[in-house]
Amino acid sequence: MSFDRRELLRYGLLSAAGAGLTSLLGCGPKVSAPASKLAPVRDISGQWSLRAVAAEHRLLTGFAVDPERLKDHRCASLVKQQASIIVPENAMKWGALRPARGRFRFDQADTLLTFAEENHIRLRGHTLCWHRDLPAWVTAINSADDARNQLVEHIQTVVSRYAGRMHSWDVVNEAVEVKDNRPDGLRNSPWLQTIGPDYIELAFQTARMADPAALLSYNDYGMEDETYDAEQKRSAVLLLLRRLKARNVPIDAVGIQSHICACAQYGAGLQRFMARVREMGLQIFLSEMDVKDREVNRQDPRRDTVVAQTYSQYLNLALAEPAVSAVLFWGVDDGQSWLRYEQGSDEQARPLLFDRLFLPKEAFYAVRAAMEARSEIVRTSL
Ligand code: XIL
């Protein structure tokens, strides 16, 4: 017996959407999800792959990977099968590229670009300017001129090396921190302390000159949920983007990291934020998606279901925004997720689309269904 594919996938989406989520977590009213009658198509290759379904709906999709991870052939073949875009999890950060002042190490980054090009996958660069993963010789810099020269030299050298071959660059990452209490909302980062607030503009201008073809993005976290903190963060990021646009700074996109949580609410705040970003003429990337599932009881066999439903709820909302053009997951399989060793170090974390044996989880099918339903969502939301 055969079922219509769109119908099956849409059913997957409908059965996973919203209703049962809060009750499974024990943090909302008890509402049961409708009983699933039809299972989604289990084939994940070819036309059923994430990259194929995403392409049908004007999206690029893929994962954060590093060359080390690709040595596992199971990981490499999944990436080839599923991804139309990848991003280095760490290989293009200062920590990996800059062993010493005046020196660059490109082996890992080059390996990733070769892998991407050989497999017709786009590469997104991450990240040219961040307050973390800076080598000690950078954090020791204390003169404005030195900091400025180092930032410019770094961006010119790295971006021009790969010019014409990159999909995009995260030029500046996580530059906003409301809790640092500055009127401009900027984080009191090493770059801000040495160069001043203009470091952001300097980074974008330098990147554009070095590669006019790559999309240039500002990337940040904490803008996703319905809390007061997230609303403050969204306002501060919009303020920054408006300042950059008013000064004709070359910026093309905003990365919303999307490290989301199984117990949070997502809704109108994110929708409004994305609409404002679109009105500024910017694209949106959901750039580092995963689901923190610490709150879900370890023994609960429905843990994977809750993660899948969180993906559904978030993507149904976010993909309704036409400016969203890429969705990237922060890792391929649960076994390698950064949530195992950072952000509360949860050894049992199951935040991604594939399990430790590289088998697709419910989350995979939920994500594919949300992408599959996109045209309809975008049409009805316009
Ligand atoms: C994380 C990596 O996943 C870890 O392996 C590394 O130890 C620290 O950085 N936001 C970002 C990413 O922009 O660069 C971070 O990646 C996760 C949070």
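Bear in mind the structure is a predicted one, so any value in this text is a computation, not a measurement. Order of listing sets the numbers, starting from 1, for every ligand and every atom in it.
- Residue-level proximity to ligand 1 for Tyr221 is absent, since no heavy atom of it falls below 4.0 angstrom.
- Interface of His126 with ligand 1, defined as ligand atoms under 4.0 Å from a residue heavy atom, comprises 11 (C), 12 (C), 13 (O), 14 (O).
- Salt bridge annotation for Asp334-Lys361: present, with a cationic side-chain nitrogen under 4.0 angstrom from a carboxylate oxygen.
- Not less than 6.0 angstrom separates the ring centroid of His131 from the ring centroid of Trp191.
- No side-chain heavy atom of Val306 sits under 4.5 Å from any side-chain heavy atom of Asp293.
- If you number the atoms of ligand 1 from 1 as listed, the ones under 4.0 Å from a heavy atom of Glu89 come out as 2 (C), 3 (O), 4 (C), 5 (O).
- Backbone and side-chain nitrogen or oxygen atoms of Asn219 are examined, and none is located within less than 3.5 angstrom of a nitrogen or oxygen of ligand 1.
- A heavy-atom distance below 4.5 Å is found between the side chains of Leu128 and Val159.
- We find that Arg272 and Glu279 are not joined by a salt bridge, their nearest charged nitrogen and carboxylate oxygen being 4.0 Å or further apart.
- Heavy-atom contacts of Arg132 reach the following atoms of ligand 1: 8 (C) (cutoff under 4.0 Å).
- Heavy atoms of Asn90 found under 4.0 angstrom from ligand 1 belong exclusively to the side chain.
- Considering only non-hydrogen protein atoms, atom 8 (C) of ligand 1 sits nearest to Glu342 OE2, 3.2 Å.
- Within ligand 1, the atoms closer than 4.0 Å to a non-hydrogen atom of Lys93 are 1 (C), 2 (C), 9 (O), 12 (C), 14 (O), 15 (C), 16 (O), numbered from 1 in the order shown.
- Polar contact check, Glu288 against ligand 1: a nitrogen or oxygen pair lies under 3.5 Å apart.
- Once rounded to the nearest 0.5 Å, the distance linking CZ of Phe273 with CZ of Arg278 reads 12.5 Å.
- Between Asp346 and Arg303 there is a salt bridge, since a side-chain N of the basic residue sits under 4.0 Å from a carboxylate O of the acidic one.
- Heavy-atom proximity to Asn173, at under 4.0 Å, picks out these atoms of ligand 1: 11 (C), 13 (O).
- Of all atoms in ligand 1, listed by their number and element, those nearer than 4.0 Å to a heavy atom of Trp130 are 9 (O), 14 (O).
- When only non-hydrogen protein atoms are considered, atom 5 (O) of ligand 1 lies nearest to Tyr341 OH, 2.7 Å.
- Ser143 and Asp145 share no side-chain donor-acceptor pair at under 3.5 Å.
- At a cut-off of 3.5 Å, with distance as the only test, a side-chain donor of Ser168 or Arg124 sits close to an acceptor on the other residue.
- Using a 4.0 Å cut-off to heavy atoms of His259, the atoms of ligand 1 that qualify are 18 (C).
- Of all the atoms in ligand 1, the ones that sit under 4.0 Å from a non-hydrogen atom of Glu174 are 10 (N), 11 (C), 13 (O).
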